[in-house]
Amino acid sequence: MKPEPGVPRYASIAVPIPLRRELTYRVPEDWQDPPATGERVRVPLGSRQVVATVVEPTVPEPAGDIRVKPITERIAGAPMLPSELLELTRFVADYYLCSWGEAIETALPPQVPSGRLRRRVVRTGVARSELPARAVRQVALLERLETSGGVLGWDRLDEPARRAVQGLVKRGLVAVEVISGDSPGDDPGAAPHAEPGPRPTAAQEAVLDELFPAIDGGAFETFLLYGSTGSGKTEVYLRAAERTLAAGRSVIYLVPEIGLTPLLLNTISRRFPGQAVVMHSALSPRERLAAWRRVRRGDARLVIGTRSAIFAPVRNLGLVVVDEEQDTSYKQDETPRYNGRDLAVVRARSAQGIVLMGSATPALETFRHARAGHYRLLRLGGRVASRPLAEVVRVDMRETYKASGEIEILSPELIAELRACVERGDQALVLRNRRGWAVALLCPTCGERVQCPRCSLTLTWHRSVARLRCHACGFETKKPTACSRCGSEDLKEIGQGSEQVEDRLAQVLPDARIERMDRDTVRRRGAHEALLRRFDAGEIDVLVGTQMIAKGHDFHRVTVVGVLSADQSLGLPDFRAGERTFQLLTQVAGRAGRGDRAGRVIVQAFDPEHPVIRLAAEQDYEHFYEREIRYRSTLRYPPVAALVNLIVRDTDELRCRTWAKSLADALRRQEPGRLILAGPGPAPVERIKNRWRQQILVRTAGRRRLVRAVDAALDEIEGVVPRRAIQIDVDPLSVL
Ligand code: ADP
Ligand code: ZN
Ligand code: ZN
């Protein structure tokens, strides 16, 4: 459409700031073509220039007396979202109550100045006769390509050769590719032929018999693959992926954390050589962009990645696998606070694809959907090769205390099991879900605990680096010599973290090779994988750590698992405390006995009879579910009701309270009698990084209604409470 001279044109543009509306800009007169939907442009915003996205290329002139600013420039060659993903980001904005621009930024790969990428030239056509004889350089370049096997690194070309490449690209004879970093598909050692997987077991067969017709049928449906740890869910995912790829469609395979899946990545590169690409946030921006481009071009049809991979620009999406669907890492803990698992359903619905979620301990939301028939439940019975689930023994730490008069880190029962395990040449895992040496420093004289100066939290003592650290804001300091309140020099360490457990293990198992895995020891890139590899290779006897050790690994020599302070997390003021504890215990227990030998799990607790601990020990998810859902129904908490967690934050305490009150008042005016409001009141952590935090929890039966009501309330207080002071979490996984 050619512009009519003299008639100004306008476009609607999504800007990446917390503003629930798009803005209208004028299209510069000298633009030949109108902007495209999804095109990236630079626009003035206040005194800044920001990169934003055209969401509607032609809109009417805005009414009223506003001066509409022109678009500054288009950004040529920038990655653009296909329309399907643009729609998905619109959904994210509407559902999670952020701006469309913010949602788009989340879905796009990072901005990398072009030209800095590693690129290579590949031959795509053969018809050299098309070339005119005078195109000497182009002919010479094609010859060079031929002698080098059809591929040439961009860096090896001089300026004239690069210009020749441009000419050949126009003729369709070569293509310039961005080289992605470490995706399994790029592994030069990858087998040229797809390696077959093991023969499915009868139980896997039965599940696949239900899945395959759905995959072939090509209509949207969500499945929940429910099977205990070690039941062989991964093989079902892989077969489903194979089937989908064979049908010419694409697959997104979501995992909680890439660092936890070196073996899976290996399997995938052997089973799907050249077809897979890895997308996750630990890649460098350049690698992420390269992976994104490969997927966008259709060169890789199997994307494996963490939650943001749900935005992978695959074409013709046929299947989304969500492994360990209950995992909290699927929820982003910054704006937009989306859940990758839930977006999988949204995206698959619009693409008419299948969602395959899997878990041994499904989120209550998910199991409830399955019970209600919204998701098709696939039970994967038993463990592969009939390996029994590990036997779980609960140890009452009150008895241990009675016997020794001390709060012991390790019970005699666990010590005995660990010794026998190491003697047999087996391996053990010990879970202590708190890092550091001591949870806090207490002054027993006056009762003061050493606090973070910026947060309302105690500092954790990390003895190995001799620092006190705040786990919320990262503040660090030396250990004080005296109490800041009363001056007493007698400061006591309370609560034992993973560092201290490691130390204690070394005392009772002097000959064992012990290592620790928590956020402190895996800070370096690759450290995580290295530890897992060494454990898998048998170079470590006992691995102690936080919940990191509980997830997903398939170690075959682990026969003992110890769980310390199993009941501690039950006391947290969060309605999901029981669910989280149950999931963690079941998961870590599932790490034992995955090889030929049976496993034993020792669970230490001061309240070992607590129903959650008992049901987890029995690995009885369904009873746990019944019990938990009753409690949620009574209190009207998710999944029985929808919930939004609103936190108002400000450096000034009074202002923070005033704003929270305005927000609560506005909420009360919506849907009177229908919304349940708790708050405003101080959030469980009242101050983080010098900002006060007031919390409001809003609940009601319908999700859509709730989101609309919150949106309307936010609109009402626009101009009264700044939008950026309000943190909005729809379907929160934690209210702490
Ligand atoms: P889950 O994901 O359900 O916890 P995994 O997929 O890790 O369980 O499977 C447990 C173990 O069984 C793994 O070692 C896996 O290699 C093995 N396994 C799974 N399916 C088969 C099969 N069909 N034949 C042989 N071994 C299998
Ligand atoms: Zn004191
Ligand atoms: Zn702090």
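In each ligand, atom 1 is the first atom listed, and ligand 1 is the first ligand listed.
Residue R523 places its CZ atom among more than 12 non-hydrogen atoms of other residues, nucleotides or ligands, all under 6.0 Å distant. More than 12 non-hydrogen atoms from other residues, nucleotides or ligands lie less than 6.0 angstrom from NZ of K479.
At a 4.0 Å cut-off, at least one heavy atom of P200 sits close enough to ligand 1 to count as contact.
Taking every heavy atom of K233 and a limit of under 4.0 angstrom, the matching atoms of ligand 1 come to 1 (P), 2 (O), 3 (O), 4 (O), 6 (O), 8 (O). For ligand 1, the atoms lying closer than 4.0 Å to a non-hydrogen atom of T201 are 23 (N). Every atom of ligand 1 is numbered from 1 in the order shown, and the set under 4.0 Å from a heavy atom of H556 is 14 (O). Short contacts between ligand 1 and T229, defined as distances under 4.0 Å to a heavy atom of the residue, involve ligand atoms 4 (O). Interface of Q204 with ligand 1, defined as ligand atoms under 4.0 Å from a residue heavy atom, comprises 19 (C), 20 (N), 21 (C), 22 (C), 23 (N). Per-residue contacts place R199 under 4.0 angstrom from the following atoms of ligand 1 (heavy atoms of the residue considered): 22 (C), 23 (N), 24 (N).
With the Zn ion (ligand 2) as the vertex, SG (C486) and SG (C443) define an angle of 100°, rounded to 10°. For C470 atom SG and C452 atom SG, the angle they make at the Zn ion (ligand 3) is roughly 110°, to 10 degrees. The angle that C483 SG and C446 SG make at the Zn ion (ligand 2), rounded to 10°, works out to 110°.
Minimum heavy-atom separation, T222 to M357: CG2-CE, 4.1 Å.
Looking at S228 against ligand 1, only its backbone comes within 4.0 Å, counting heavy atoms.
Using a 3.5 Å distance cut-off with no hydrogens or angles, the side chains of Q496 and R432 do not pair a donor with an acceptor.
The backbone N or O of R435 sits nowhere less than 3.5 Å from a side-chain atom of T546 that would complete a donor-acceptor pair. A donor-acceptor distance shorter than 3.5 angstrom exists from the side chain of Y330 to the backbone of L254, with no hydrogens or angles considered.
At a threshold of 4.0 Å, the pair D574-R580 does not count as salt-bridged, since none of the basic side-chain nitrogens sits closer than that to a carboxylate oxygen. Residues R693 and E686 are not paired through a salt bridge, judged by the lack of any N-O separation under 4.0 Å between the basic side chain and the carboxylate.
Residue P198 places no N or O, backbone or side chain, under 3.5 Å from any N or O of ligand 1.
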